[in-house]
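I have placed the structure first, in the form of C-alpha cells, so that the comments after it can refer back to it.
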Amino acid sequence: MRITCITVVSVLVCGLPLFAQDQSTALIAASDTVEQVVQKPAGPPPTPAHTGIKAMLKGLLTDFGNLPSRQNLFLAGVGGGLALAAHPADDHVNAHLVGKGWARNVFRPGEIMGGSPTLLGVAATIYAVGRLKDEPKMSHVGMDLLRSLAVSEGVTQALKYTVRRERPDGSGRNSFPSGHAADTFAFATALERHLGWRGAVPAYIFSSYIAASRLRENRHFLSDVVFGATVGAIAGRTVTRHGREYYADMQFVPGGAELMFVRQSR
C-alpha cells in the first residue's frame with residue numbers, strides 16, 4: 001500500500017492502556033462515523049498525449065492555479081506547525097553543527113548537489129532524453145520534475161521576500177524558507193508519485209541530507225528547512241495531482257481520536 005494513498009494516524013487522548021483494551025471497539029466506531037470511500041491505491045500518473053514545451057508551459061500555469069486547495073492548506077498547516085515547534089531549537093542546532101570538522105566534511109557537497117542549477121540540469125536531461133528517444137513516460141517524468149521545481153521556486157522566492165528573515169550568518173534577509181530544502185523535496189515528491197517508494201526513498205534521504213547541509217553551512221535555521229520541505233512537498237503534489245484531491249477528517253473514538261487522510265479521484 002502506498003503511503004500517499006491513505007494514511008491513518010491514531011492520536012491517543014486517554015492513554016495507551018485504554019486504547020489497547022478497546023482497540024476493536026474504536027475501529028468499529030471509526031468505521032461507522034467516517035463516511036469516506038477509500039479507493040485502491042492509484043498507479044503512476046497517466047502519461048499525457050503531449051509533453052512538448054507548449055504543453056509544459058500550459059501545465060505550469062495550471063499548477064500555479066491549483067495551488068489554492070484543501071490538500072495544500074492542510075500540508076501548509078502541518079508544516080507551519082512543525083516549523084513553529086522547531087523554532088526554539090534554531091540557534092542550538094546550528095551551534096551544534098557549525099564548526100564541527102566531521103560535519104564540514106560530510107555536508108560540504110550539499111550546497112552544490114542541492115542547488116537549483118544541479119536539479120534543473122538533472123530534470124532537463126531526463127526530459128530531453130525522453131523526447132529524443134520518443135519515450136513519453138520518461139519525458140513525462142522530466143516534465144513533472146521541471147514543473148515541480150518551477151512551482152517550488154516561485155513559492156519559495158515569494159515567501160523569502162515577504163517574510164524577510166535574516167540568515168543565521170547575517171548574509172541577507174532571505175532565510176525563510178530554505179530554497180535547497182524546497183527544491184529537493186519537490187524533486188523527491190514528484191519522483192515518489194511516478195516511481196513509488198522504491199525510487200522515492202533514496203530521493204527523500206538525499207533531500208534530508210541537503211536540508212541538513214544548510215544548517216551546517218549556517219545559511220538556514222532548522223525551522224527554515226522544515227518549512228522549505230513543506231513547500232517542496234506541496235509543489236510536487238500539486239504538479240502530480242492529476243485530478244485527485246486529498247481530504248482530512250478527524251473523528252473521536254473510544255480511547256482516542258482518529259485522523260483519516262484520504263486521496264480520492266474526482
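Worth saying up front: this structure is predicted, and the values here are computed from it rather than measured.
In this structure, Thr240 contributes its side chain and Arg193 its backbone to no donor-acceptor pair below 3.5 Å. Of the possible donor and acceptor atoms, one in the side chain of Asn72 sits under 3.5 Å from a partner among the backbone N and O of Leu67. When atom types are taken as modelled, the side chain of Tyr127 and the backbone of Thr51 share a donor-acceptor pair closer than 3.5 angstrom. Not one N or O on the side chain of Thr189 forms a donor-acceptor pair closer than 3.5 Å with the backbone of Ala186. Between the Lys137 side chain and the Thr47 main chain, no donor and acceptor come within less than 3.5 Å of each other.
Taking the six-membered ring where the residue is Trp, Phe206 and Tyr209 present tilted rings, their angle falling between 30° and 60°. By the 30° and 60° cut-offs, the orientation of the rings of His194 relative to His140 is perpendicular.
For the residue pair Pro136 and Ser139, the shortest heavy atom distance occurs at O-OG, 2.9 Å. Nearest approach of Leu119 to Gly114, heavy atoms of both residues: CD1-O, 3.8 Å. Closest approach of Ala235 to Ser152, counting heavy atoms only: CB-N, 3.7 Å. Taking both residues in full, the closest heavy atoms of Glu153 and Gly179 are given as OE2-O, 4.4 Å, listed atom of the first, atom of the second, then distance. Scanning both residues, Thr156 and Ala182, for their nearest heavy atoms gives OG1-CB, 3.4 Å. In terms of heavy atoms, Thr125 sits closest to Gly121 at OG1-O, 2.7 Å.
Note on Leu73 and Phe64: separate hydrophobic clusters, where clusters join Ile, Leu, Val, Met, Phe, Trp and Tyr whose side-chain heavy atoms are under 4.5 Å apart, directly or indirectly. When the side chains of ILVMFWY residues are joined at heavy-atom separations under 4.5 Å, either directly or via intervening members, Trp197 and Phe185 end up in a single hydrophobic cluster. Val122 and Leu145 fall within the same hydrophobic cluster, where Ile, Leu, Val, Met, Phe, Trp and Tyr residues are linked whenever their side-chain heavy atoms come under 4.5 Å apart, directly or through other members. In this structure, Leu75 is a member of the same hydrophobic cluster as Val239, with clusters built from ILVMFWY side-chain heavy atoms closer than 4.5 Å. Connection of Val163 to Val231 is established within a shared hydrophobic cluster, with ILVMFWY side chains joined at heavy-atom distances below 4.5 Å, either directly or through further cluster members.
Ser148 is not listed as a side-chain neighbour of Phe187, based on a closest heavy-atom distance of 4.5 Å or more. Gln71 places a side-chain heavy atom less than 4.5 Å from the side chain of Arg241. Under the 4.5 Å side-chain criterion, counting only non-hydrogen atoms from C-beta, Lys133 is not in contact with Met138. In this structure the side chain of Phe176 never reaches within 4.5 angstrom of the side chain of Arg164, judged on heavy atoms. Using a 4.5 Å heavy-atom threshold, the side chains of Val141 and Leu191 count as touching. At a threshold of 4.5 Å between non-hydrogen side-chain atoms, the residues Asp224 and Pro177 do not count as touching.
Distance check, rounded to the nearest 0.5 Å: CE of Met143 to CG of Leu60 gives 10.5 Å. Between atom OG of residue Ser178 and atom CG of residue Leu222 there is a gap of 11.0 Å, rounded to the nearest 0.5 Å. Between atom OG1 of residue Thr118 and atom CD of residue Glu111 there is a gap of 10.0 Å, rounded to the nearest 0.5 Å. Separating the OG1 atom in Thr62 from the CG atom in Leu57 is a distance of 11.0 Å, to the nearest 0.5 Å. For the atom pair CG (Asp169) and OG (Ser175), the distance works out to 8.5 Å, reported to the nearest 0.5 Å.
In this structure, Asp90 pairs ionically with Arg165, as a charged nitrogen and a carboxylate oxygen lie closer than 4.0 Å.
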*Does the side-chain contact (heavy atoms from CB on, under 4.5 Å) test come out yes or no for Arg219 and Ser171, once each step is laid out?*
CA-CA 8 Å; Arg219 297 286 288 171; Ser171 61; 2.7 Å; yes
*Does the pair Ile234 and Val155 meet the rule for a side-chain contact (heavy atoms from CB on, under 4.5 Å), with working shown?*
CA-CA 10 Å; Ile234 288 173; Val155 175; over 6 Å; no
*Is there a side-chain contact (heavy atoms from CB on, under 4.5 Å) between Phe227 and Leu82 once you walk through the steps?*
CA-CA 8 Å; Phe227 199 75; Leu82 292 174; over 6 Å; no
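Side-chain contact of Arg167 with Asn174: a donor-acceptor pair under 3.5 Å is present, judged by distance alone. No donor-acceptor contact under 3.5 angstrom links the side chains of Asn66 and Thr238, judged on distance only.
When the shell of 6.0 Å around CG of Leu61 is examined, it contains more than 12 heavy atoms from other residues, nucleotides or ligands.
The distance between the ring centers of His220 and His180 does not fall below 6.0 angstrom.
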